[in-house]
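Comments concern the structure below.
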Amino acid sequence: MRTLKDGQKHPISFTLNGEEVDAYAEPRTLLCDFLRHEIGASGTHVACEHGVCGACTVLVEGKAVRSCLMLAAQAEGATVETIESLSNTDDEFDDLQAAFHEHFALQCGFCTPGFLMTLTMLKRTGRRYSEAEIRDALSGNICRCTGYKEIVDAALTVLGPDSLAAE
């Protein structure tokens, strides 16, 4: 196990959105701050900094995690995905982003990256979800602008049982 000394930056390497990242971070640097301020992945938003609101949700090894509760050093060797990973090379929306757009599932958009990363984790399971399951999965994400109806409606178009019939 590597020992990190306080106040010194240590090398850290991981895969971010499909590209290798080699940088330096202080031992106490949060992953969200590292992504935003050292790497420039500013799509990850930071709000409560207590792991409550979910705005900073990213995928680490495919699992949704609060990047404000994880140290950058803990990402060593991991695969990290942020909201920037969702659009394709032509900067087109992925299907979840398009559904959010179509259902007006955002107002200020601050919480949207966290919602989309949580839903992306669900989408990758390949199964369909009930409204109750989607609401449960999103219970760790807080939106102060829209309420949740539009967000859940958007999620249901991609992940819900009705979307299965549309394919």
Side-chain angles (χ1 to χ4, degrees), residues 1-17 21 23-87 94 96-97 99-100 103-125 129 131-156 158-159:
M1 181 171 161
R2 184 170 71 166
T3 302
L4 301 177
K5 296 178 181 175
D6 190 33
Q8 292 182 329
K9 289 189 173 185
H10 297 270
I12 180 171
S13 299
F14 60 92
T15 303
L16 176 65
N17 301 331
V21 171
Y24 290 87
E26 290 184 21
R28 64 182 180 182
T29 301
L30 298 174
L31 180 59
C32 59
D33 292 332
F34 186 75
L35 292 171
R36 289 185 58 82
H37 305 299
E38 299 294 329
I39 305 299
S42 59
T44 301
H45 293 164
V46 182
C48 74
E49 297 186 75
H50 294 89
V52 175
C53 74
C56 68
T57 302
V58 299
L59 300 181
V60 177
E61 299 297 331
K63 304 235 187 255
V65 300
R66 306 290 195 260
S67 61
C68 73
L69 297 179
M70 182 175 175
L71 298 172
Q74 292 176 294
E76 175 69 30
T79 298
V80 178
E81 297 170 80
T82 65
I83 188 74
E84 287 92 346
S85 70
L86 298 185
S87 62
D94 82 339
L96 283 169
Q97 291 172 306
F100 266 58
H103 288 271
F104 304 103
L106 54 97
Q107 283 187 5
C108 81
F110 190 83
C111 63
T112 304
F115 277 99
L116 289 170
M117 296 314 290
T118 299
L119 292 170
T120 295
M121 182 183 71
L122 295 184
K123 186 173 99 175
R124 289 182 180 168
T125 66
Y129 292 87
E131 180 177 341
E133 290 173 316
I134 288 172
R135 286 185 180 277
D136 184 56
L138 295 178
S139 64
N141 295 80
I142 297 173
C143 175
R144 295 183 173 109
C145 296
T146 65
Y148 296 88
K149 182 181 182 328
E150 293 82 5
I151 293 169
V152 171
D153 288 348
L156 282 168
V158 177
L159 303 168

Salt bridge (charged side-chain N to carboxylate O under 4.0 Å, His left out) with Lys63: which residues, sequence neighbours excluded?
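Expected list: none.
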What pairs with Glu150 under salt bridge (charged side-chain N to carboxylate O under 4.0 Å, His left out), at least two apart in sequence or on another chain?
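Result, salt bridge (charged side-chain N to carboxylate O under 4.0 Å, His left out) vs Glu150: none returned.
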Answer yes or no: is there a donor N or O on one side and an acceptor on the other, between the side chain of [X] and the main chain of [Y], under 3.5 Å?
X      : Y      : answer
Tyr148 : Cys143 : yes
Thr120 : Leu116 : yes
Glu76  : Ala73  : no
Asn17  : Thr82  : yes
Thr118 : Gly114 : yes
Thr79  : Glu61  : no

Could you tell me the separation between the [atom1] atom of [X] and the [atom2] atom of [Y], rounded to the nearest 0.5 Å?
X      : Y      : atom1 : atom2 : result
Leu30  : Arg28  : CG    : CZ    : 10.0 Å
Asn141 : Met117 : CG    : CE    : 11.5 Å
Leu138 : Glu133 : CG    : CD    : 12.0 Å

Using only heavy-atom distances, determine whether the side chains of Arg36 and Thr44 contain a donor-acceptor pair under 3.5 Å.
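Absent: no donor and acceptor within the cut-off.
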4.5 Å side-chain heavy-atom contact, [X] and [Y]:
X      : Y      : value
Val58  : Glu81  : no
Ile134 : Ile151 : no
Cys32  : His45  : no
Asp94  : Lys123 : yes
Leu16  : Leu35  : yes
Val52  : Ile142 : yes
Phe100 : Thr112 : yes

Sequence neighbours excluded, which residues qualify as side-chain hydrogen bond (donor to acceptor under 3.5 Å, both in side chains) partners of Arg144?
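Arg144 satisfies side-chain hydrogen bond (donor to acceptor under 3.5 Å, both in side chains) with no residue once adjacent residues are dropped.
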Which atom pair, heavy atoms only, marks the closest approach of [X] to [Y]?
X      : Y      : answer
Gly43  : Pro113 : O-CG, 3.3 Å
Gln74  : Leu71  : OE1-N, 2.7 Å
Val152 : Glu131 : CG1-CG, 3.6 Å
Phe110 : Ala55  : CE2-CB, 4.0 Å

Pair Cys56-Glu49, side chain to side chain contact (heavy atoms under 4.5 Å, CB included): steps then yes or no
CA-CA 8 Å; Cys56 68; Glu49 297 186 75; over 6 Å; no
Does the side chain to side chain contact (heavy atoms under 4.5 Å, CB included) test come out yes or no for Leu69 and Leu31, once each step is laid out?
CA-CA 8 Å; Leu69 297 179; Leu31 180 59; over 6 Å; no
Tell me, with the steps shown, if Gln97 and Ser87 meet side chain to side chain contact (heavy atoms under 4.5 Å, CB included).
CA-CA 8 Å; Gln97 291 172 306; Ser87 62; 4.3 Å; yes
Step by step, work out the side chain to side chain contact (heavy atoms under 4.5 Å, CB included) result for Phe34 and Ile12.
CA-CA 11 Å; Phe34 186 75; Ile12 180 171; 3.6 Å; yes
Qualifying residue, where the test is side-chain contact (heavy atoms from CB on, under 4.5 Å) with Val158 and the options are Leu119, Leu96, Leu122:
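Option passing the side-chain contact (heavy atoms from CB on, under 4.5 Å) with Val158: Leu96.
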